[in-house]
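Remarks on the structure that follows.
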There are 2 protein chains.
Amino acid sequence: MTKRETLNVRLERFYAEARKAGLRITPQRLAIFKLVAGSVSHPGAEEIHRQLRRSFPMISLDTVYRTLWKLADLGLVSALGQERIQLRFDANQNRHQHFTCKRCGLIRDFTNARLSALGIPSEAAQFGQAEDLRVEVRGVCSACLRKKAPGEGKNNNSKPKTSSIRRRT
Amino acid sequence: MTKRETLNVRLERFYAEARKAGLRITPQRLAIFKLVAGSVSHPGAEEIHRQLRRSFPMISLDTVYRTLWKLADLGLVSALGQERIQLRFDANQNRHQHFTCKRCGLIRDFTNARLSALGIPSEAAQFGQAEDLRVEVRGVCSACLRKKAPGEGKNNNSKPKTSSIRRRT
DNA sequence: TCCTAAATAAGAATCATTACTATCTAATAA
DNA sequence: TTATTAGATAGTAATGATTCTTATTTAGGA
């Protein structure tokens with residue numbers, strides 16, 4: 001699939017999901033999605049904002065952020081790094097893996113023999129010198145599952161106000 | 001190994017590494033390391049600071065951060081999340097893996113069949129509901145490798161002043 | 001075309017982290 | 001034991017990414 005084809009496929013999905021969710025397709029949103037979908041470098045919000053100023057001199061950084069999170073909610077993009085914003089420290093220097101809760105930021109260690117045995121994949125060499133391999137399971141911890149009001153379906157849009165985590169889901 | 005034994009092993013290493021590096025063992029440093037080494041929850045700097053105030057009412061947050069990074073430099077703890085601080089976005093919703101440069105924050109996609117085939121490990125279930133598995137190779141990208149002044153050994157302590165990345169190594 | 005909820009721009013506010021600076025102290029030498 | 005000094009600390013200001021608030025604008029259906 002060429003780069004152009006990839007972009008088109010992604011755009012189709014964008015339109016379809018946006019319509020399904022009743023999301024307005026504004027020029028800003030379209031431009032933001034196009035930029036992310038057409039890039040291979042996983043730009044951050046500032047970078048996107050800088051680039052979009054060419055076509056939208058007045059676009060605000062806030063719009064970029066809001067749009068990106070909205071797209072993430074629709075499953076059209078994902079945020080790399082994680083929602084948690086505080087640095088966390090780990091004194092376990094043996095090989096192990098982490099479980100991370102998307103809602104509250106909880107992190108717990110576990111050890112899985114198969115995952116611990118994984119070597120650095122050869123594909124990594126093309127980008128530089130690889131040093132280690134991190135494996136992380138993301139999900140929702142037991143406590144957060146319990147907190148969720150019973151009878152709630154999908155699309156939990158409650159946004160915790162004060163928490164060490166910055167974004168939901 | 002009991003929890004207490006684990007802590008003792010870690011403390012031994014702490015003393016050994018600190019001595020080897022000529023690092024002063026201050027009461028604050030010892031307390032900070034003990035707290036991280038004895039915890040299973042990967043506390044953040046604020047949390048550590050709050051707890052340590054009981055024994056060191058005057059301890060500053062800055063000391064906590066400096067110490068944690070120092071310990072990280074010695075390989076006694078690792079920072080979870082990543083050094084990069086800006087959120088990055090990814091429109092590739094097919095299963096894939098990332099290569100991340102520790103120095104400049106570069107992120108690139110690649111796909112490795114074996115890694116893509118990995119299922120959620122059963123150990124994750126004890127913590128809650130797992131949703132996905134992320135695999136990340138960390139290292140130094142080609143550009144950053146080239147930048148490094150030739151003739152440099154280990155311990156590159158140059159701290160980039162202005163960069164999207166917050167910490168070295 | 002008109003209406004209205006949703007989206008935007010602008011800028012203030014927040015929060016984690018780092019920088020700065022004036023002490024302070026542990027380790028070494030005298 | 002005391003003096004010396006590089007390394008550490010506390011306190012606080014600064015920075016930078018992200019989010020919030022508010023007044024205004026706009027997409028998209030009636």
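The sequence lines fix the lettering, A, B, ..., with proteins before strands; numbering per chain opens at 1.
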Indicate yes or no for a side-chain donor-acceptor contact from A:Gln28 to the backbone of A:Ile59 under 3.5 Å, with no hydrogens or angles considered.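 It does not hold such a pair.
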What's the closest nucleotide to the side chain of [X] if the choices are [options]?
| X | options | value |
| --- | --- | --- |
| B:Arg29 | D:dA10, C:dT8, D:dA8 | D:dA8 |
| B:Glu46 | D:dA10, C:dA16, D:dG28 | C:dA16 |
| A:Pro27 | D:dT19, D:dA8, D:dA27 | D:dA27 |
| B:Tyr65 | D:dA10, C:dA9, C:dT17 | C:dT17 |

Just how far, in rounded Å, is [atom2] of [N] from [atom1] of [X]?
| X | N | atom1 | atom2 | result |
| --- | --- | --- | --- | --- |
| A:His49 | C:dT8 | NE2 | C1' | 12 Å |
| A:Trp69 | C:dT8 | CH2 | C1' | 20 Å |
| A:Ile25 | C:dT8 | CD1 | P | 12 Å |
| B:Tyr15 | C:dA26 | OH | P | 14 Å |

Bend of the helix from C:dT1-D:dA30 to C:dA30-D:dT1 from end-axis comparison, five pairs per end, nearest 10°, comes to 30°
Within the 4.0 Å heavy-atom criterion, would you say A:Ile59 contacts the bases, only the backbone, or no part of the nucleic acid? sugar-phosphate
Hey, does B:Leu61 reach any base, or is it just sugar-phosphate, or nothing, if we go heavy atoms under 4.0 Å? base
Check the phosphate of D:dT9 against B:Ser60, side-chain N and O only, distance under 4.0 Å to OP1 or OP2. Yes or no? no
Does A:Gln28 make a side-chain N or O approach to OP1 or OP2 of D:dA27 shorter than 4.0 Å?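 Looking at the OP1 and OP2 atoms of D:dA27, neither is under 4.0 Å from any side-chain N or O of A:Gln28.
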Check against side chain to side chain donor-acceptor pair (under 3.5 Å), B:His42 and A:Asp109: CA-CA 9 Å; B:His42 306 309; A:Asp109 292 357; 2.5 Å; yes
Will you find, in the side chains of B:Glu123 and A:Thr111, an N or O donor that is under 3.5 Å from an N or O acceptor?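 No pair is found: no donor N or O on one side chain lies under 3.5 Å from an acceptor on the other.
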Hey, which sits more toward the 5' end of DNA chain D by its nearest nucleotide, A:Arg24 or B:Thr26?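 Its nearest nucleotide lies further toward 5', so the answer is B:Thr26.
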Measure up the A:Phe33 and A:Phe14 rings against each other and bin them: parallel (under 30°), tilted (30 to 60°), perpendicular (over 60°). parallel
